[in-house]
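Reviewing the structure listed below.
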Amino acid sequence: MSKRFNFPIVVIDEDFRSENVSGSGIRNLAEAITENGVEVVGYTSYVDLTSFAQQASRASSFIVSIDDEEIGQGSDEEVDQAIEEIRGFITAVRRSNPDIPIFLYGETKTSQHIPNDILRELHGFIHMFEDTPDFVARHIIREANKYLSHVAPPFFKALMNYAEDGSYSWHTPGHSGGVAFLKSPVGQMFHQFFGENMLRADVCNAVEELGQLLDHNGPVAESEHNAARIFSADHLFFVTNGTSTSNKIVWNSTVATGDIVVVDRNCHKSILHSIILTGAVPVFLMPSRNHYGIIGPITKQKFSAEYIAKKIAAHPFASKVKGRKPRILTLTQSTYDGVIYNVEEIKTLLGDTVDTLHFDEAWLPHASFHKFYQNMHAIGGDGRTRAENATVFSTQSTHKLLAGLSQASQILVQESQNSHFDMHRFNEAFLMHTSTSPQYSIIASCDVAAAMMEQPAGHALVEESLVEALSFRKAMRKVDNEFGDDDWWFTVWGPDDFSDEEVPVQSDWMINPEDEWHGFDIEEAGFNMLDPIKATIVTPGLNIKGRFDEMGIPASVVTKYLNEHGIVVEKTGLYSFFIMFNIGITKGRWNSLVTELQQFKDDYDRNLPLWRVMPEFVAKHPAYERIGLHDLCQQIHSMYQQNDIARITKDMYLSNIEPAMIPADAWDKMAHGQVERVSIDDLEGRITAILITPYPPGIPLMVPGERFTPEVIGYLKYIEQFNAQFPGFESDVHGLISKKINGKKEYFIDVVVE
Ligand SMILES: *Cc1c(COP(=O)(O)O)cnc(C)c1O
């Protein structure tokens with residue numbers, strides 16, 4: 001292990017770099033370690049190290065020196081202080097790493113001075129002069145290697161071994177461990193950019209010793225078991241094509257043609273694709289929305305057998321289905337903006353009403369590692385109950401908030417009290433959607449992303465995200481307070497009051513009816529929460545009641561500005577944009593955002609021309625060259641205001657859009673070409689053949705088979721007008737096809753021929 005990686009042994013000794021005699025012993029030891037081929041990194045204080053968390057996780061062991069004189073002969077206070085320092089260091093290390101060897105180094109026998117709680121955490125006490133430095137060095141290196149050999153989880157370990165093996169292969173991929181790239185200049189470039197290991201590890205599933213993702217055997221299965229244990233699931237499957245595919249697998253495993261399915265209207269398009277693929281009859285639950293355009297919870301009273309039965313009875317197609325028992329309920333568990341549900345309550349309310357409860361937790365894989373999220377996620381440890389009869393699925397994008405490569409995803413299963421989950425049957429659906437050539441680096445990243453969350457490390461990582469997210473919110477408030485009431489600043493959407501503690505407290509973040517901050521029309525407390533690691537930043541211009549202010553700063557201008565200054569945000573709305581605090585968050589990242597926002601404010605207040613503040617944007621859109629930043633914001637703001645766009649979008653999403661056929665039947669029309677492309681001026685009464693999804697927010701507005709409403713048509717016409725007026729700030733609506741006719745962009749949509 002130690003030859004392949006560079007994991008130095010870290011020494012902490014105040015005399016490490018000095019020429020004192022008192023440091024000579026530890027320096028001799030360090031020299032002996034280096035002579036045995038292992039790097040040593042020395043620090044002279046704990047402070048150096050704690051500010052370098054990355055250095056700490058790159059260590060293969062620690063040698064912590066206790067100053068002999070202080071402990072042995074120093075005053076009681078000095079002794080206490082030295083011990084306190086050591087204790088602080090060990091506690092900090094053990095908070096995320098119970099296994100790394102820590103050695104204490106002393107010059108005479110002193111372990112009797114060390115309290116038990118510290119001794120317990122040590123791998124040894126090194127006594128200078130009792131053994132030769134070389135002997136001690138080899139002992140430490142052996143322990144360090146033993147530790148490193150347990151760091152890699154099963155699949156990743158097998159893949160590394162295979163890639164290093166150097167065996168000749170006759171199987172795909174055709175680049176043969178990267179060798180093919182070396183035969184061409186551009187291939188050489190590719191090879192140098194990605195590096196040999198990535199290419200050597202890109203193997204095909206004919207390699208037996210790595211196991212098969214498709215059959216869940218060998219090291220792949222070991223890793224899936226390992227991840228299941230870490231995520232407290234009964235079963236867990238890695239998926240290498242994103243949660244888009246995980247969702248389809250779950251659906252195809254349990255939903256058949258003509259089944260009634262109950263679906264969050266605010267769902268990801270992969271769920272709508274699943275509806276089309278399975279031929280299900282969807283009954284939608286409508287979430288609330290506030291005037292910022294933020295999608296809120298589906299209210300609790302809708303999660304009852306009675307409400308769902310009523311919805312089904314009133315549905316033109318679902319009411320005709322025999323039995324009427326919903327096959328699945330799919331819920332977006334953590335919306336874009338971070339709204340989540342109390343799953344324990346949902347299991348109690350519907351655990352006997354619906355066969356399968358499916359939580360789309362693309363944004364919530366971190367929740368089971370911190371008590372802050374207790375009960376507010378689908379599957380976890382600490383005494384979570386099982387639903388009476390419903391199997392619970394959670395689909396998670398490991399790549400969104402944990403450390404997976406793009407497309408890394410996983411499906412978690414919790415069996416019900418009364419049924420058994422048959423993984424062989426389930427796997428038939430898995431096979432339907434999984435490539436027979438899965439990407440092994442993605443599987444390895446699923447494996448590693450899970451192993452990184454092994455407790456207590458998972459807790460420490462999630463807590464760090466929570467703490468940073470809270471610090472960011474506090475920093476934004478501080479700026480706001482300094483500017484005072486007469487000046488403007490950005491706000492972060494969330495509760496008005498939260499505790500001063502460093503770590504957020506669940507009760508502060510609950511979305512309760514008596515609070516105004518959220519702007520949702522809800523009746524029950526304790527059912528929903530806001531995940532603080534998702535931060536929606538609200539720009540001035542529109543208040544929570546839906547009224548426009550005189551002055552306004554559309555979010556799209558802010559995010560374009562930020563983009564040009566090296567800050568890319570996740571999603572932009574009308575007067576809000578959104579960032580998230582994943583486990584890769586750094587203080588530098590969010591502090592840069594705060595300072596860039598201050599730059600924006602400064603440039604805005606001075607109305608600096610766009611050629612100065614957004615030169616890249618102006619290069620693409622010269623028409624804006626001499627407009628001031630303030631003036632541009634005001635122009636777009638007026639356009640929004642004149643069209644009352646906040647109300648239009650809210651009404652449109654909440655409007656009663658009626659299905660004229662089930663989605664799969666509309667798709668059949670597409671497949672058979674029984675569709676026509678009509679101008680948005682002629683949509684009245686027509687049936688859409690495709691999904692229509694405005695970005696932002698990227699939530700489907702219309703599903704194939706639904707009839708256009710005046711609200712939707714009005715919105716599309718507004719988009720046409722807006723896009724013509726503000727090129728460069730276009731709203732993108734998926735499903736809208738633009739054509740230039742006589743120099744003017746016109747918009748069309750594919751509708752069903754009836
Ligand atoms: C991103 C997302 C998905 C799809 O996940 P991918 O891993 O990108 O395929 C599914 N559901 C929700 C709610 C998402 O946000």
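Every value quoted in this text rests on a predicted model; they were computed, and no experiment measured them. In what follows, every heavy atom counts, from backbone to side chain, and hydrogens, waters and symmetry copies are set aside. Just so you know, ligand 1 is whichever comes first in the structure, and atom 1 is the first atom listed for that ligand.
A distance limit of 4.0 angstrom between heavy atoms and ligand 1 selects the residues Gly242, Thr243, Ser244, Asn247, His268, Thr332, Asp360, Ala362, Trp363, Ser397, His399, Lys400.
Every residue two or more places apart in sequence or in another chain that forms a side-chain contact (heavy atoms from CB on, under 4.5 Å) with Asp668 is listed here: Asp665. Qualifying side-chain contact (heavy atoms from CB on, under 4.5 Å) partners for Glu524, counting only residues two or more places apart in sequence or in other chains: Lys300, Gln301.
Using modelled atom types, one finds no donor on one side chain facing an acceptor on the other under 3.5 Å when comparing Gln439 with Thr240. Side-chain N/O atoms of Asp360 and Asn247 include a donor and acceptor closer than 3.5 Å.
Using cut-offs of 30° and 60° on the angle between ring planes, the pair Phe237 and Phe430 is tilted.
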Return all side-chain donor-acceptor pairs below 3.5 angstrom for residues 566-576, not counting sequence neighbours, or 'none' if the list is empty.
from, atom 1, to, atom 2, distance (Å)
Thr572, OG1, Thr559, OG1, 3.2
Tyr575, OH, His637, ND1, 2.6

